[in-house]
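Here is how names work: the chains are called A, B, and so on, in the same order as the sequence lines, proteins then strands, and each is numbered from 1. Not measured: the values here are computed from a predicted model.
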There are 2 protein chains.
Amino acid sequence: MPGRNGKGPPWWHGKFRSCGYRLTIPREMILDVLNKAAKHLSAEEIYLAVQKVYSAIGLTTIYRTLELLVQMGLVFKFDFGDKRSRYELADGPKGIRHHYHLVCTGCGRVIDYTDFIDEAKELLLQTQKGLTKKYNFKITNHLIQFYGLCEKCQK
Amino acid sequence: MPGRNGKGPPWWHGKFRSCGYRLTIPREMILDVLNKAAKHLSAEEIYLAVQKVYSAIGLTTIYRTLELLVQMGLVFKFDFGDKRSRYELADGPKGIRHHYHLVCTGCGRVIDYTDFIDEAKELLLQTQKGLTKKYNFKITNHLIQFYGLCEKCQK
DNA sequence: ATTGGGAATGAAAACCATTACCATTAGGAG
DNA sequence: CTCCTAATGGTAATGGTTTTCATTCCCAAT
Ligand SMILES: [Mn+2]
Ligand SMILES: [Mn+2]
Ligand SMILES: [Zn+2]
Ligand SMILES: [Zn+2]
């Protein structure tokens, strides 16, 4: 698993090259921050994190790079209702830890969950197939989120 | 079915009263526009539509009222990726036409679909139950959307 | 290694949907 | 009908995101 936790070019280098995009310091930095992020980061949070070690970084580059990464499928962009987009590494072919989100409308906390993924996959596959046929729509992605109140916010 | 297509007070009057909210011209107008809207409207679209027949309306009131209606559960608020929120009447107890959305990432077209709703309901119910127990989360709502390319945008 | 040219960057300004502010209006209980 | 207060609407402010443009620098070709 090159680049995952040691030396060797990170696994995303190949993808960049094959798309004809250049490998630059800012892009590496941003991917690095996302890679070791514990949670869902906003553009500004990424900006501040990168800035700590590469002070020349500009917020514009953060936005531009994130857009690129999303469009490449390396990163997911979410809206959890706190008026700013949040980003999360899509985990390469190895680290398949696909998951969904549970959003507390009280305090904004977001929980990743992987439960019922298999059952969901089955249904989604069927739905996808049906919709593709009926509407001639080529489905590439989907979004599932649950909203509610976390333990604390229920009281 | 009072107010649905004839005389009598619209079905939402009761809900307003019971929540202690006043029935005002602007609110009625906005609900009226949403009620006969063919598709998912933005705040500004609603503003323009109401203005046609009630020119004193203010955009601020549109936003405030929509927030209220969403909070009351009468209206749903969506983000289809076009940088502005879109709203849709949640259809009262009668017109239960619950549906999900298919969003074209090429042209932004949004298709309502009702297929596989029953299967989805079943899965959602189970998932909901499981998540509630595991995370002690009180789930009140959920969001499902498919993204892809519509017929035109595939070529 | 050097270099030329287009991709990528960053500072600053613009954008624009949404909110905050506040003086004025009007719903509806009594 | 009156009064109190919720609701309204014009305007200014907010703030995340995008645009602009001059400068930098990746990297394929030499
Ligand atoms: Mn996540
Ligand atoms: Mn719809
Ligand atoms: Zn909470
Ligand atoms: Zn399309």
Taking every heavy atom of A:Ile57 against every heavy atom of A:Tyr47, the minimum-distance pair comes out as O-CE1, 3.5 Å
Between protein and nucleic acid, restricted to nucleotides 7-10 of chain D and to nitrogen or oxygen atoms under 3.5 Å apart, what atom pairs and distances do you find?
{"residue": "D:dA7", "atom": "OP1", "partner": "B:Arg22", "partner atom": "N", "Å": "3.4"}
{"residue": "D:dA7", "atom": "OP1", "partner": "B:Arg27", "partner atom": "NH1", "Å": "3.0"}
{"residue": "D:dA7", "atom": "OP1", "partner": "B:Arg27", "partner atom": "NH2", "Å": "3.4"}
{"residue": "D:dA7", "atom": "O5'", "partner": "B:Arg27", "partner atom": "NH2", "Å": "3.4"}
{"residue": "D:dT8", "atom": "OP1", "partner": "B:Thr24", "partner atom": "OG1", "Å": "2.7"}
{"residue": "D:dG9", "atom": "OP1", "partner": "B:Ala56", "partner atom": "O", "Å": "3.2"}
{"residue": "D:dG9", "atom": "OP2", "partner": "B:Gly58", "partner atom": "N", "Å": "3.3"}
{"residue": "D:dG9", "atom": "OP2", "partner": "B:Thr61", "partner atom": "OG1", "Å": "2.6"}
{"residue": "D:dG9", "atom": "O5'", "partner": "B:Ala56", "partner atom": "O", "Å": "3.3"}
{"residue": "D:dG9", "atom": "N7", "partner": "B:Arg64", "partner atom": "NH2", "Å": "2.6"}
{"residue": "D:dG9", "atom": "O6", "partner": "B:Arg64", "partner atom": "NH1", "Å": "3.0"}
{"residue": "D:dG10", "atom": "O6", "partner": "B:Thr60", "partner atom": "OG1", "Å": "3.3"}

Hey, mind stepping through A:His40 and A:Phe80 against ring-ring contact (aromatic ring centres under 6.0 Å, His included) and telling me if it holds? CA-CA 10 Å; A:His40 316 91; A:Phe80 295 138; 5.2 Å; yes
Output the rounded distance in Å from NZ (A:Lys77) to P (D:dG16). 14 Å
Could you verify whether a donor N or O on one side chain and an acceptor N or O on the other, from B:Tyr100 and B:His142, lie under 3.5 Å apart? yes
In the 5' to 3' direction, the nucleotides of DNA chain C bounding the stretch that comes under 4.0 Å of a heavy atom in chain B are C:dA17 to C:dG28
Provide, to the nearest angstrom, the distance between the OH atom belonging to B:Tyr63 and the C1' atom belonging to D:dA13. 15 Å
Using a strict 4.0 Å threshold on nitrogen-to-oxygen distance, state whether B:Glu88 and B:Lys77 make a salt bridge. no
Partner of B:Ile30 by side chain to side chain contact (heavy atoms under 4.5 Å, CB included), out of B:Ile25, B:Leu41, B:Ile46: B:Ile46
With a non-hydrogen cut-off below 4.0 angstrom, is A:Ser42 in contact with a base, only sugar-phosphate, or nothing? nothing
Atom CD of A:Glu45 and atom C1' of D:dG16 are separated, to the nearest Å, by 13 Å
Does the pair B:Phe78 and B:His101 meet the rule for a ring-ring contact (aromatic ring centres under 6.0 Å, His included), with working shown? CA-CA 10 Å; B:Phe78 293 104; B:His101 295 119; 4.6 Å; yes
Is the backbone of A:His99 close enough, under 3.5 Å, to the side chain of A:Thr114 for a donor and an acceptor to pair up by distance? no
Sorted by chain and residue number, the salt bridge (charged side-chain N to carboxylate O under 4.0 Å, His left out) partners of B:Lys134 (sequence neighbours excluded) come out as A:Asp115
